[in-house]
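Treat the numbers as computed from the prediction; the structure is a model and nothing was measured. Both backbone and side-chain heavy atoms feed into the values below; hydrogens, waters and symmetry mates do not.
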Amino acid sequence: MTRKERYRLVYEYFEKHNPQAETELVYHNPYQLLVAVILSAQCTDKRVNMTTPAFFEKYPDFASLANTTPAEVFPLIKSISYPNNKAKHLVGMAQMVMEQFGGHIPMTVEELMQLPGVGRKTANVITSVIDQQPNMAVDTHVFRVAARIGLTVNATTPLAAEKQLVANTPEQLIHKAHHWLILHGRYVCIARNPRCEICGLKPYCKFFHRRVLKEIY
């Protein structure tokens, strides 16, 4: 199987079985998504979704968040991983959006990465989800799943994986492929014990053919 064929077959499977793939973070506007994605770093979406309702009630927009302090934010996010740093990042992010971007989220990866707490992965999430730009956010799930299936080859960093995925994925599918790979990694191709027995990608997966079948036979 060629790499091109593998990409085609994997995406055809996802299109059939999960055509409406989207983020599991609960949000209602770009501001809420940005806050949620910053909070989700090294934290589960489930925990973030439990935390954000009270946060958004107190800080419904950039202006209100920019006018508070990290110390006031901390109690609302203390159940999230790294709450001290994230409280500082959230307030700093809101202040920069208000002061340098007129209260609106910039929609380029380069500008978003200027904001405190926003790295390349977060910037790619925001631009692909909000604006459906052809940007691929590579988190631990995407990095692992893409390598196991064989969509990426010898990609040793998230950026290297991102470049390979973007280069080989049809542009109109990139924003959706990000969610496909994350969800597959979260529920099927999990880190320690991948659930190969229920995976519909077995026919196209390098990991399954090289490791699992070898153990069986």
Could you pull out all residues at least two apart from [X] that satisfy side-chain hydrogen bond (donor to acceptor under 3.5 Å, both in side chains)?
{"X": "Arg186", "answer": "Glu24, Asp45"}
{"X": "Asn84", "answer": "none"}
{"X": "Glu5", "answer": "Thr2"}

Is a side-chain N or O of [X] found less than 3.5 angstrom from the main chain of [Y], in a donor-acceptor match?
{"X": "Thr69", "Y": "Glu72", "result": "yes"}
{"X": "Thr68", "Y": "Leu65", "result": "no"}
{"X": "Asn29", "Y": "Tyr31", "result": "yes"}
{"X": "Arg195", "Y": "Tyr187", "result": "yes"}
{"X": "Ser40", "Y": "Cys43", "result": "no"}
{"X": "Lys176", "Y": "Pro19", "result": "yes"}

Do you know the tightest heavy-atom contact between [X] and [Y]?
{"X": "Leu25", "Y": "Val48", "answer": "CD2-CG1, 3.8 Å"}
{"X": "Cys189", "Y": "Arg148", "answer": "SG-NH1, 3.2 Å"}
{"X": "Tyr204", "Y": "Arg6", "answer": "O-NE, 2.7 Å"}
{"X": "Gly150", "Y": "Val153", "answer": "O-CG2, 4.3 Å"}
{"X": "Cys196", "Y": "Phe207", "answer": "SG-CE2, 4.0 Å"}
{"X": "Pro70", "Y": "Val91", "answer": "N-CG2, 3.8 Å"}

Approximate separation, where rounding is to 0.5 Å, of [X] [atom1] and [Y] [atom2]:
{"X": "Asp139", "Y": "His178", "atom1": "CG", "atom2": "NE2", "value": "6.5 Å"}
{"X": "Met93", "Y": "Met98", "atom1": "CE", "atom2": "CE", "value": "11.5 Å"}
{"X": "Thr108", "Y": "Asp131", "atom1": "OG1", "atom2": "CG", "value": "10.5 Å"}
{"X": "Phe55", "Y": "Ile77", "atom1": "CZ", "atom2": "CD1", "value": "6.5 Å"}
{"X": "Phe143", "Y": "Leu165", "atom1": "CZ", "atom2": "CG", "value": "10.0 Å"}
{"X": "Tyr59", "Y": "Thr52", "atom1": "OH", "atom2": "OG1", "value": "14.5 Å"}

Side chains of [X] and [Y]: does their closest heavy-atom pair fall under 4.5 Å?
{"X": "Phe101", "Y": "Gln114", "answer": "yes"}
{"X": "His175", "Y": "Pro134", "answer": "no"}
{"X": "Leu9", "Y": "Pro203", "answer": "no"}
{"X": "Gln132", "Y": "Gln172", "answer": "no"}
{"X": "Lys58", "Y": "Leu76", "answer": "yes"}
{"X": "Ile126", "Y": "Val37", "answer": "yes"}

Are Ile80 and Arg47 close enough, and set up right, to give a side-chain contact (heavy atoms from CB on, under 4.5 Å), and what steps lead you there?
CA-CA 7 Å; Ile80 297 285; Arg47 170 57 58 183; 3.7 Å; yes

In terms of hydrophobic clustering (I, L, V, M, F, W, Y; side-chain heavy atoms under 4.5 Å; direct or indirect links), are [X] and [Y] co-clustered?
{"X": "Val188", "Y": "Ile149", "answer": "no"}
{"X": "Val35", "Y": "Ile130", "answer": "yes"}
{"X": "Ile182", "Y": "Leu39", "answer": "no"}
{"X": "Ile174", "Y": "Leu181", "answer": "yes"}
{"X": "Leu159", "Y": "Met113", "answer": "no"}

Decide if atom [atom1] of [X] counts as having more than 12 heavy atoms of other residues, nucleotides or ligands within a radius under 6.0 Å.
{"X": "Met50", "atom1": "CE", "result": "no"}
{"X": "Lys78", "atom1": "NZ", "result": "no"}
{"X": "Glu197", "atom1": "CD", "result": "yes"}
{"X": "Lys206", "atom1": "NZ", "result": "yes"}
{"X": "Glu171", "atom1": "CD", "result": "no"}
{"X": "His17", "atom1": "NE2", "result": "yes"}

Parallel, tilted or perpendicular: which one describes the rings of Tyr11 and Trp180, with boundaries at 30° and 60°?
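Ring orientation of Tyr11 relative to Trp180: tilted.
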
Step-by-step side-chain contact (heavy atoms from CB on, under 4.5 Å) determination, Leu112 to Leu115:
CA-CA 6 Å; Leu112 280 163; Leu115 301 175; 4.0 Å; yes

For Arg3 and Asn168, run side-chain contact (heavy atoms from CB on, under 4.5 Å): C-alpha distance rounded to whole Å, both residues' side-chain angles, the deciding distance at 0.1 Å, then the answer.
CA-CA 9 Å; Arg3 196 174 180 189; Asn168 291 282; 3.9 Å; yes

Would you say the rings of His184 and Phe14 are close, in the sense that their centroids are separated by under 6.0 Å?
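Between His184 and Phe14, which both carry aromatic rings, the centre distance is below 6.0 Å.
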
Do Lys16 and Glu12 sit within salt-bridge range, that is, some charged N less than 4.0 Å from a carboxylate O?
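Glu12 and Lys16: not salt-bridged.
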
Ion pair present between Glu162 and Arg120, side-chain N to carboxylate O less than 4.0 angstrom?
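Counted as a salt bridge, because a side-chain N and a carboxylate O are separated by less than 4.0 Å.
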
Would you check if there is a donor-acceptor pair between the side chains of Lys86 and Ser81 at a distance under 3.5 Å?
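Judged by distance alone, the side chains do pair up.
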
Without hydrogens or angle criteria, can the side chains of Thr127 and Asn135 be said to hold a donor-acceptor pair below 3.5 Å?
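Yes - a donor-acceptor pair under 3.5 Å links their side chains.
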
May I have the step-by-step check of side-chain contact (heavy atoms from CB on, under 4.5 Å) for Leu34 and Tyr27, ending in yes or no?
CA-CA 9 Å; Leu34 180 54; Tyr27 71 98; over 6 Å; no

